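Here is the structure we will look at.
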Amino acid sequence: MEKSESTSGDTPQPWQSYHTVFTNAKAGMDGVDKERVQRIVYEMSKGSKYFENEERKEAFTRRKLESMRAQCAMLTAADISNNRTVADRRILELEATRDLTRIWLHVDMDAFYAAVETLSNPMLKGKPMAVGGMSMISTANYEARRFGVRAAMPGFIARKLCPELIFVPVDFKKYTYYSDLTRKVFQKYDPNFMAASLDEAYLDITNVCKQRGITSGEIAEELRTSVYEETGLMCSAGVGPNRLLAKVCSDINKPNGQFILPNDRLAVMTFISSLPIRKIGGIGKVTEHILRDVFGINTCEDMLQKGDFLCALFSRSTADFFLSVALGLGKTETPQVMLRKSISNERTFSATDDEAFLHQKLSDLAEMLSSDMQKEGLLGRTLTLKLKTASFEVRTRAVTLQKYICSSEDILKYASKLLKDELPVSLRLIGLRLSQFNTDMVGAPSETRQKTLTDFLISGVANRKSTSDNSSLGSIVDSHEICSYEDRDLLDGSHLPDLEDKHTISNKVNSPHPKSRQNAVTGLLEADSSSVEFRCNSLDEVNKRANLLDDEAVSSSNQGELLLWVNDYKCSLCGFELPLGFVEERQEHSDFHLAERLQKEESRSETRTLMPRHRFSRKENIGSQSKGKKQKISPKDKGHIPIDMFFVKSCQNF
DNA sequence: GGGGGCGACGACG
DNA sequence: TTCCACGTCGTCGCCCCC
């Protein structure tokens with residue numbers, strides 16, 4: 001790799017060991033004076049908090065490398081022989097999965113954002129330009145790349161590398177517009193094409209090649225011409241028997257070029273064997289470093305030869321990934337559905353420990369996240385708070401709730417609790433992520449998921465009637481579309497007398513659609529000594545619902561709360577007294593009875609599923625639990641790394 | 001021992 | 001002058017509980 005080479009004699013210079021994501025080569029950077037770029041990047045970074053953090057990470061990687069080298073050294077001849085057998089067997093098994101029947105085309109727009117900006121402002125043509133700002137660059141045009149300027153580089157460093165660099169602010173609206181135009185072209189060749197990002201897509205062109213009786217090269221040529229005619233933008237294409245190879249191929253003749261790899265095993269093996277590992281999607285800076293410095297692996301062929309060591313030191317899935325890559329294997333089928341797994345927002349700001357400011361940021365993020373969730377009609381139950389401290393240390397703190405949430409109030413409530421445990425702290429970034437979606441909701445249009453009032457009432461009544469005879473709460477909660485047992489604040493869940501039961505209830509229940517939640521009024525119905533919470537879009541609905549139930553007396557002076565409080569004061573079940581104003585406490589109290597009730601039900605039924613008990617104790621003590629985690633001495637802090645502590649990822653794309 | 005949850009980290013555009 | 005993003009997904013190790 002070019003970054004380890006020195007042109008300044010035998011004496012190593014400090015900048016030569018400082019690697020960032022943007023010191024490696026990218027298309028259009030072949031003639032760059034790498035030594036100069038690396039020196040400038042180093043000098044601009046040296047002494048900064050960011051730099052210190054990079055050094056910390058680098059030291060950690062070094063320790064990992066040493067540990068792995070030690071492991072390699074400890075392998076006996078017998079170990080190596082055994083692992084050779086394992087590797088050879090896996091290679092045969094993987095080889096058997098080779099599919100050469102599909103033709104994949106990967107299309108990659110050339111310097112997309114920069115090219116779009118040049119289209120709308122032709123004055124930029126021929127001048128070094130970058131899309132982004134002083135803090136970060138999204139894309140640089142080819143004129144700027146000649147100076148070593150590239151994506152993911154901070155703007156102030158880019159300006160140092162190229163003082164005449166023109167900065168253009170990011171305009172996603174514009175890029176989306178042009179992206180849509182390109183996608184219209186892609187669709188003509190593969191209606192099910194896979195968009196990898198605004199400027200990249202994978203097309204299965206097997207059928208179009210057959211139907212039209214022309215080669216993949218001709219299709220690629222035609223597609224690129226068509227994209228240019230439609231948009232005025234240039235792109236590059238790669239064709240291969242799978243997506244992994246097509247992606248590698250599209251980079252070969254960039255910009256405005258293409259490379260065709262025939263669907264032929266020998267051609268694939270010849271192509272892949274000399275390929276530097278860094279060209280493979282999924283092998284980044286760290287993985288390359290490990291493979292090169294521990295195993296002496298530089299090319300895919302090396303990877304095949306060192307299969308025994310890879311099988312000995314990596315997990316099965318990671319070793320499989322490496323061996324697959326070395327064989328030039330990759331995904332050939334088109335996934336039917338691609339479901340989103342998480343949704344997040346994060347913002348960077350000047351580092352501060354001002355708690356009011358941090359809380360405001362958190363609140364803004366909760367709003368943004370909630371808005372995104374509602375746009376996509378999603379509900380999630382795992383909330384993750386991401387923090388980047390002033391020293392660039394990244395922390396994440398997560399909590400899995402028993403209810404699905406999407407409102408900004410809920411998000412902020414739980415996020416605040418997570419943040420509170422970290423204070424005081426000086427931060428430069430806060431992020432929020434929701435995951436573990438309610439799969440019933442994912443992918444369906446919002447409108448189809450919103451319950452009408454009629455649905456609500458009819459199914460609610462039917463459900464209620466079917467269960468009122470035996471008072472089976474288990475049956476009631478199964479009608480999760482209309483009833484929601486509102487979970488109380490589980491972070492403060494210690495007030496619940498039996499959290500396990502509490503969880504069992506809520507785990508079966510889905511919250512209503514976000515739209516219906518927005519103006520929801522919470523009601524609690526008390527019947528057969530079991531309380532059921534529900535939500536309606538208006539107070540009228542609450543009352544109608546209550547009337548329809550025709551159960552025993554429901555009394556309330558609070559229209560939203562229909563719990564059985566005698567004289568608005570005394571619990572009819574146990575006589576516990578709570579004044580009217582104690583809304584939350586009352587709800588907690590009703591939860592207590594609900595849990596109690598369910599416990600009885602549970603003892604009668606052995607068929608229902610239970611969630612592991614530990615989850616409740618963890619929720620109960622989320623604060624101390626997360627502190628406990630933090631206090632845990634990590635292997636790196638102890639100065640050694642356990643033998644199996646490697647984290648080389650497998651690629652999702654191959 | 002397996003599985004869920006958490007936290008850290010790698011990778012990519 | 002400015003001083004290192006944002007969003008998403010994947011793997012791994014650890015902890016805890018059953």
Side-chain angles (χ1 to χ4, degrees), chain A residues 20-22 26 41 44-51 53-54 57 60-61 64 108-109 112-113 132-139 151-160 167 170 172 196-200 247 278 280-290 314-318 321 338-351 369 372 381-382 384-386 388 392-400 428-429 431-433 435-436 610-619 622 625-626 628-630 632-636 641-653:
Chain A
T20 72
V21 284
F22 45 83
K26 205 174 154 62
V41 169
M44 297 287 292
S45 305
K46 183 174 60 174
S48 67
K49 298 270 188 203
Y50 177 83
F51 183 86
N53 191 57
E54 287 298 298
K57 291 198 295 192
F60 181 44
T61 306
K64 261 199 314 198
D108 192 344
M109 303 301 295
F112 183 55
Y113 297 175
M134 272 308 146
S135 62
M136 194 54 68
I137 285 175
S138 292
T139 312
M153 177 182 272
F156 66 94
I157 291 178
R159 172 150 289 178
K160 184 81 176 177
F167 286 88
V170 179
F172 275 104
S197 62
L198 281 181
D199 69 327
E200 273 184 54
K247 164 93 175 154
R278 189 68 154 88
I280 302 292
I283 298 182
K285 187 181 77 164
V286 174
T287 310
E288 181 201 21
H289 198 169
I290 290 171
F314 291 100
S315 71
R316 162 82 181 248
S317 70
T318 304
F321 167 64
M338 291 185 71
L339 292 180
R340 174 199 278 284
K341 298 195 175 60
S342 69
I343 188 163
S344 62
N345 270 296
E346 62 188 58
R347 285 294 175 273
T348 298
F349 41 84
S350 303
L369 183 57
D372 290 348
R381 61 188 280 260
T382 297
T384 306
L385 173 73
K386 177 179 171 181
K388 196 186 275 181
F392 287 86
E393 177 206 350
V394 177
R395 297 180 197 166
T396 58
R397 300 289 179 257
V399 62
T400 298
R428 54 173 292 111
L429 174 144
L432 284 176
R433 179 168 73 237
S435 53
Q436 286 221 57
L610 266 182
M611 296 300 284
R613 183 179 295 272
H614 74 272
R615 286 167 60 178
F616 303 104
S617 54
R618 289 171 73 98
K619 297 295 178 281
I622 184 73
Q625 178 261 336
S626 67
K629 284 257 184 189
K630 273 179 283 173
K632 211 168 48 187
I633 301 169
S634 72
K636 61 186 172 189
I641 300 161
I643 281 171
D644 52 353
M645 191 171 170
F646 309 120
F647 50 80
V648 181
K649 69 159 285 187
S650 296
C651 174
Q652 65 259 36
N653 248 345

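Chain identifiers are assigned alphabetically (A, B, ...) following the order of the sequence lines, protein sequences preceding nucleic acid strands; residue numbering begins at 1 within each chain. Bear in mind that the values here come from a model prediction, so they are computed numbers and not experimental data.
- A cation-pi contact, defined as under 6.0 Å to the ring centre and within 45° of the axis, is absent between Lys388(A) and Phe392(A).
- Between dA5(C) and dA11(B), the distance separating the two C1' atoms is 15 Å to the nearest Å.
- Between the NZ atom of Lys386(A) and the P atom of dG10(B) there is a distance of 13 Å, given to the nearest Å.
- At a threshold of 4.0 angstrom between heavy atoms, the contacts of Ile343(A) are confined to the sugar-phosphate backbone, with no base atom among them.
- Using a 4.0 Å heavy-atom distance criterion, Lys388(A) is classed as a sugar-phosphate-only contact.
- Take the nearest nucleotide of DNA chain B for Arg433(A) and for Asp108(A): the residue whose nucleotide is more 5' is Arg433(A).
- Nearest-nucleotide positions on DNA chain B place Thr396(A) closer to the 5' end than the other of Thr396(A) and Gly284(A).
- For the side chain to side chain donor-acceptor pair (under 3.5 Å) test, no residue two or more places apart in sequence or in another chain qualifies with Asp108(A).
- Within the 4.0 angstrom heavy-atom criterion, only backbone atoms of the sugar-phosphate kind lie near Arg428(A); the bases stay farther away.
- Backbone-only contact: Leu429(A) has heavy atoms under 4.0 Å from sugar-phosphate atoms and none from a base.
- With the end axes of the helix from dG1(B)-dC18(C) to dG13(B)-dC6(C) each set by five pairs, the angle from one to the other reads 10° at 10° resolution.
- Contacts of Glu393(A) with the nucleic acid, taken as non-hydrogen atoms under 4.0 Å apart, are absent.
- Scored by the salt bridge (Lys or Arg N to Asp or Glu O under 4.0 Å) test, Arg316(A) finds Asp320(A) as partners (sequence neighbours excluded).
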